[in-house]
Amino acid sequence: METLREYEVVRDGNIFGTSFGNNIVFSSDYERACHQLEELIVRYQDVPFDEIFSGSEIFNQAGACFLQKSQHSLRVPPVDTERLRSDILEDLTLVHGIGPRTQARLRARGYRTVPDLMQHPKFRSCSSDVLKCLNGGSSADIMDLIGCRHAKSHPCVLGTAGLHNPEDYVFLDIETLGLFSRPVILFGIGTIENDRLAVYQYLLRDIDEEQSALTATLDHLSGNQPALVTFNGKSFDVPYVSDRLAYYGMGSLARIPHFDVLHFSRRRWKDHLPSLRLTILESEILGIGRDGDIPGQMVPEFYETYLRTGNCGPLVPIINHNRQDVVSLALLFFHLLEDFYGCH
């Protein structure tokens with residue numbers, strides 16, 4: 001693990017000149033984590049797994065893994081779907097062949113909405129395609145329609161989340177043994193149940209339990225109308241999970257709506273915050289602080305220590321870190337959704 005380490009330790013406040021600019025650990029955090037690891041080894045020496053974790057063993061066709069479940073308070077804001085629909089219908093640039101200048105000319109001639117263009121000899125056909133998508137398409141189709149004409153972080157793209165019931169949302173965060181082609185050792189899933197956030201954490205007690213944990217995770221994504229929510233998941237979590245599915249010959253993830261909160265956070269706060277890491281956003285925007293947390297980049301070392309020694313102590317901060325990631329992801333998602341399309 002030492003030779004395969006995929007982060008750099010740099011002095012506090014200095015991220016320049018590093019080969020992994022987005023994958024660094026400041027020296028104070030590194031030293032604190034190393035000290036914490038030593039303390040955990042001592043504190044949990046000879047303490048059985050079942051005395052530390054209160055979850056349960058689950059079984060499926062791929063084998064067994066460990067499930068830790070928790071409940072968290074959460075407010076799901078109502079979404080102003082009428083305002084969303086109005087904003088979309090008033091955006092003439094969603095029609096193929098219409099740019100900002102053409103839109104301005106059309107509006108000056110009285111074409112204010114996409115339905116108005118059904119009377120236009122040139123844009124009638126393409127307008128009909130847009131309306132069919134808006135009236136009969138899935139949220140994924142509508143997201144693609146808007147994302148193809150605007151940035152993927154456009155507020156209306158996030159607004160389409162309001163077309164789902166809260167129970168459709170699936171919040172995903174994973175912990176892995178590295179950045180590329182190594183096992184996922186913890187799958188964190190969040191769902192809305194009875195107006196609360198239920199967090200399901202599928203932990204590998206040994207590497208050979210990964211396929212079972214993958215199977216359990218996929219069950220959450222195979223509901224009636226699931227909508228996936230991640231933080232940087234389009235670049236990391238989803239490709240990583242897809243790679244692990246391919247490794248086991250388990251097919252691929254179904255095409256479902258995917259809301260990557262990092263993209264919307266970048267659009268909202270890129271000019272106001274020095275960093276858009278989840279821990280910074282949860283601190284600056286949500287007012288959440290973490291005690292005893294470890295850098296996500298050091299999760300592999302903690303897990304490897306558990307495997308090598310059999311001491312379950314290093315698993316404690318891994319599970320806590322992942323749980324808070326899922327909770328903060330959900331809180332940030334609803335904060336942005338309310339900010340863009342809440343009922344005010």
Side-chain donor or acceptor of [X] paired with backbone N/O of [Y] under 3.5 Å:
{"X": "Gln297", "Y": "Ile24", "value": "yes"}
{"X": "Asp168", "Y": "Asn165", "value": "yes"}
{"X": "Tyr169", "Y": "Ala330", "value": "no"}
{"X": "Asn311", "Y": "Gly313", "value": "yes"}
{"X": "Ser86", "Y": "Glu82", "value": "no"}
{"X": "Arg290", "Y": "Asn320", "value": "no"}
{"X": "Thr305", "Y": "Glu301", "value": "yes"}
{"X": "Arg182", "Y": "Thr176", "value": "no"}
{"X": "Glu175", "Y": "Ile185", "value": "no"}
{"X": "Gln103", "Y": "Leu92", "value": "yes"}

Requested in this report: Please name the residue in the list Leu281, Leu273, Ile280 that meets the side-chain contact (heavy atoms from CB on, under 4.5 Å) test with Arg277.
Outcome: Ile280
Query raised in the report: How are the rings of His220 and Tyr202 set to each other: parallel, tilted or perpendicular (split at 30° and 60°)?
Result: tilted
Query raised in the report: Which class fits the ring pair Phe264 and Phe259: parallel under 30°, tilted 30 to 60°, perpendicular over 60°?
Result: tilted
Query raised in the report: Could you go step by step and tell me if Asp325 and His321 meet the side chain to side chain donor-acceptor pair (under 3.5 Å) rule?
Result: CA-CA 6 Å; Asp325 278 356; His321 173 88; 3.2 Å; yes
Requested in this report: Show your working on side chain to side chain donor-acceptor pair (under 3.5 Å) between Glu31 and His35 and close with a plain yes or no.
Outcome: CA-CA 6 Å; Glu31 293 168 3; His35 181 66; over 6 Å; no
Is the number of heavy atoms from other residues, nucleotides or ligands within 6.0 Å of [atom1] ([X]) greater than 12?
{"X": "His272", "atom1": "NE2", "answer": "yes"}
{"X": "Asp195", "atom1": "CG", "answer": "no"}
{"X": "Tyr247", "atom1": "OH", "answer": "no"}
{"X": "Arg308", "atom1": "CZ", "answer": "yes"}

Requested in this report: In sequence, state the C-alpha distance, the side-chain angles, and the governing distance for Asp116 and Thr113, and then conclude on side chain to side chain contact (heavy atoms under 4.5 Å, CB included).
Outcome: CA-CA 5 Å; Asp116 292 342; Thr113 67; 3.2 Å; yes
Report task. Indicate yes or no: at least one non-hydrogen side-chain atom of Phe334 is less than 4.5 angstrom from one of Ile192. Result -> yes
**Report entry** Side-chain heavy atoms of Leu228 within contact of Val238, under 4.5 Å
**Finding:** yes
Report task. Working to the nearest 0.5 Å, report the span between CG of Leu336 and CD1 of Ile285. Result -> 8.5 Å
Requested in this report: Could you tell me the separation between the CZ atom of Phe171 and the CG atom of Leu331, rounded to the nearest 0.5 Å?
Outcome: 9.0 Å
Requested in this report: Just do the side chain to side chain contact (heavy atoms under 4.5 Å, CB included) check on Arg107 and Arg112 with the steps written out, would you?
Outcome: CA-CA 5 Å; Arg107 285 178 173 173; Arg112 299 290 181 178; 3.9 Å; yes
Query raised in the report: Would Arg244 and Met250 count as a side chain to side chain contact (heavy atoms under 4.5 Å, CB included) if you check the C-alpha gap in whole Å, the side-chain angles of each, and the deciding distance to 0.1 Å?
Result: CA-CA 9 Å; Arg244 301 313 295 169; Met250 296 174 63; over 6 Å; no
**Report entry** side-chain hydrogen bond (donor to acceptor under 3.5 Å, both in side chains) partner of Asp173, the single match among Thr230, Asn322, Asn232
**Finding:** Asn322
Query raised in the report: Where do Ile207 and Leu177 land on the side chain to side chain contact (heavy atoms under 4.5 Å, CB included) test, with the steps shown first?
Result: CA-CA 10 Å; Ile207 298 300; Leu177 283 184; 3.8 Å; yes
